[in-house]
Amino acid sequence: MCGRLVVTSSTKQLLAAGGASRADDERPPRYNLAPTQDAPAVLNRDRAVLRWIRWGLTPRWARDLAAGARLFNARAETAAEKPSFRDALQKRRCVVLADGFYEWAHGETPKQPWFIHRKDGAPLLLAGLWDDWREPNGGREWTTFTILTTEPNDLIRPLHDRMPVILEASALETWLAPHPRPPADWHALFRPCPAELLTRRPVNPRVNSTAFDEPACLAPYTPPPRAQLELF
DNA sequence: CCAGACGTTGTT
DNA sequence: GTCTGG
DNA sequence: CCAGACGTTGTT
DNA sequence: GTCTGG
């Protein structure tokens, strides 16, 4: 699963990772980015632009924007059949750029967050779907997204039974194709990424609160002994 | 034909 | 939007 | 994802 | 418990 992101790379670095040439906005680094907030993404509609769009996919037919609040993940195995996602999987794909994400160990108390990121420090390419939603009565249009999930690799499995779909750079071209593609094309891309690509470390449970959004979120942290025993 | 429902995941 | 029910 | 709020109507 | 907000 994937419910909290870190975005610390510069705009220049994000553009390079996503293969885009310009960004629609300049934002400060985020150390604790939650659903309903904006994250940087490259949409297959316009691959030249890095856009900051709202996390939580609101289908275009939903009654209100809030409908997307809980649709921040989509199971890769079933997205092709779900009313909220199937059209987007065919036609509206995106890559979300993030330097890492947090996972909480399944059912532990107190809740212990872990930071997961690439060993080489490069931004992750997270497979996403997007949609446009227009406010009634001529209001503004929102673009929202969700992150696809798959089974975990060996690094994530001790923590959780789901992880985000992380794409290799070589898959960008395929994933961001502008035209419709059948669901059968995606099976190879929806595999968990190699565990060796990533690393993890526990971080301060202050990260649990979205109000804690600063460099200290990523600082080294040793869980109390009791929690350590429970975790391994 | 129209009306009305449909959210998803992951938990326990 | 698409699908189901009437 | 997690944290935090949520009482509810009727009456003065 | 469920829903909302970040």
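Naming: A, B, ... by sequence-line order, numbering from 1 per chain. Side-chain atoms are counted along with the backbone in the values below, which use heavy atoms only and exclude waters and symmetry mates.
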When the [atom1] atoms of [M] and [N] are compared, how many Å lie between them, rounded to an integer?
| N | M | atom1 | value |
| --- | --- | --- | --- |
| B:dT11 | E:dG1 | P | 15 Å |
| B:dC2 | D:dT9 | C1' | 39 Å |
| D:dC1 | B:dG10 | P | 8 Å |
| B:dA5 | D:dG7 | P | 25 Å |

Distance, rounded to the nearest Å, where [X] contributes [atom1] and [N] contributes [atom2]:
| X | N | atom1 | atom2 | result |
| --- | --- | --- | --- | --- |
| A:R162 | B:dG10 | CZ | C1' | 10 Å |
| A:F212 | D:dA3 | CZ | C1' | 15 Å |
| A:H160 | D:dC2 | NE2 | P | 7 Å |
| A:F115 | D:dC2 | CZ | P | 17 Å |
| A:M1 | D:dC2 | CE | C1' | 12 Å |
| A:L159 | D:dC1 | CG | P | 14 Å |
| A:W104 | D:dC1 | CH2 | C1' | 5 Å |
| A:E81 | B:dC6 | CD | P | 18 Å |

Side chains of residues 162-172 of chain A: which donor-acceptor partners sit under 3.5 Å, not counting sequence neighbours?
unit_1 : atom_1 : unit_2 : atom_2 : d
A:R162 : NE     : A:T149 : OG1    : 3.4
A:R162 : NH1    : A:E77  : OE2    : 2.9
A:R162 : NH2    : A:E77  : OE1    : 2.8
A:R162 : NH2    : A:E77  : OE2    : 3.3
A:R162 : NH2    : A:T149 : O      : 3.0
A:R162 : NH2    : A:T149 : OG1    : 3.2

Which pairs count as salt bridge (charged side-chain N to carboxylate O under 4.0 Å, His left out) when at least one residue sits in residues 111-125 of chain A, sequence neighbours excluded?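 The answer is A:R118-A:D120.
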Listed once per pair and sorted, the salt bridge (charged side-chain N to carboxylate O under 4.0 Å, His left out) pairs that draw on residues 201-222 of chain A, sequence neighbours left out: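 Found A:R30-A:D213.
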Side-chain ion pair, A:R140 and A:E135, N-O less than 4.0 Å: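 No, no charged N to carboxylate O under 4.0 Å.
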The criterion is side-chain contact (heavy atoms from CB on, under 4.5 Å); which residues satisfy it with [X], sequence neighbours excluded?
| X | answer |
| --- | --- |
| A:A219 | none |
| A:A48 | A:S21, A:R22, A:D46 |
| A:D161 | none |

With B for base contact, S for sugar-phosphate-only contact and - for none (protein heavy atoms under 4.0 Å), nucleotides 1-6 of chain C reads BSS---
Can you run down the side chain to side chain donor-acceptor pair (under 3.5 Å) pairs that involve residues 175-187 of chain A, sequence neighbours left out, and say none if there aren't any?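 Qualifying pairs: A:R181-A:D185.
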Pairs in or reaching into residues 54-67 of chain A: which pass side chain to side chain donor-acceptor pair (under 3.5 Å), with residues at least two apart or in two chains?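 Listed once each, the pairs are A:R60-A:D131.
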Hey, where does DNA chain D pair up into stems, meaning at least three consecutive Watson-Crick or G-U pairs with distances under 3.5 Å?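 Runs of three or more consecutive pairs: D:1-6 with E:1-6.
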Residue list, ring pair (Phe, Tyr, Trp, His ring centres under 6.0 Å) with A:F85, at least two apart or on another chain: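 With sequence neighbours excluded, A:F85 shows a ring pair (Phe, Tyr, Trp, His ring centres under 6.0 Å) to no residue whatsoever.
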Once you apply a heavy-atom cut-off of 4.0 Å, does A:A62 come out as touching a base, just sugar-phosphate, or nothing?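 The residue A:A62 makes no contact with any strand.
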Within the 4.0 Å heavy-atom criterion, would you say A:T58 contacts the bases, only the backbone, or no part of the nucleic acid?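 If one applies the 4.0 Å heavy-atom cut-off, A:T58 turns out to touch nothing in the nucleic acid.
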Pull out every residue in residues 68-79 of chain A that has a heavy atom closer than 4.0 Å to any atom of DNA chain E, ordered by number, or say none.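 Hits under 4.0 Å, by residue number: none.
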Is a donor on one side and an acceptor on the other found under 3.5 Å between the side chain of A:W130 and the backbone of A:T144?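 No; zero donor-acceptor contacts below 3.5 Å.
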Is the count of non-hydrogen atoms from other residues, nucleotides or ligands lying under 6.0 Å from A:E173 atom CD greater than 12?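 For A:E173, atom CD is not crowded (no more than 12 foreign heavy atoms under 6.0 Å).
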Quick one: is A:T210 getting a side-chain N or O under 4.0 Å of the D:dG4 phosphate, OP1 or OP2?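 So the side chain of A:T210 is outside the cut-off, no N or O lying under 4.0 Å from OP1 or OP2 of D:dG4.
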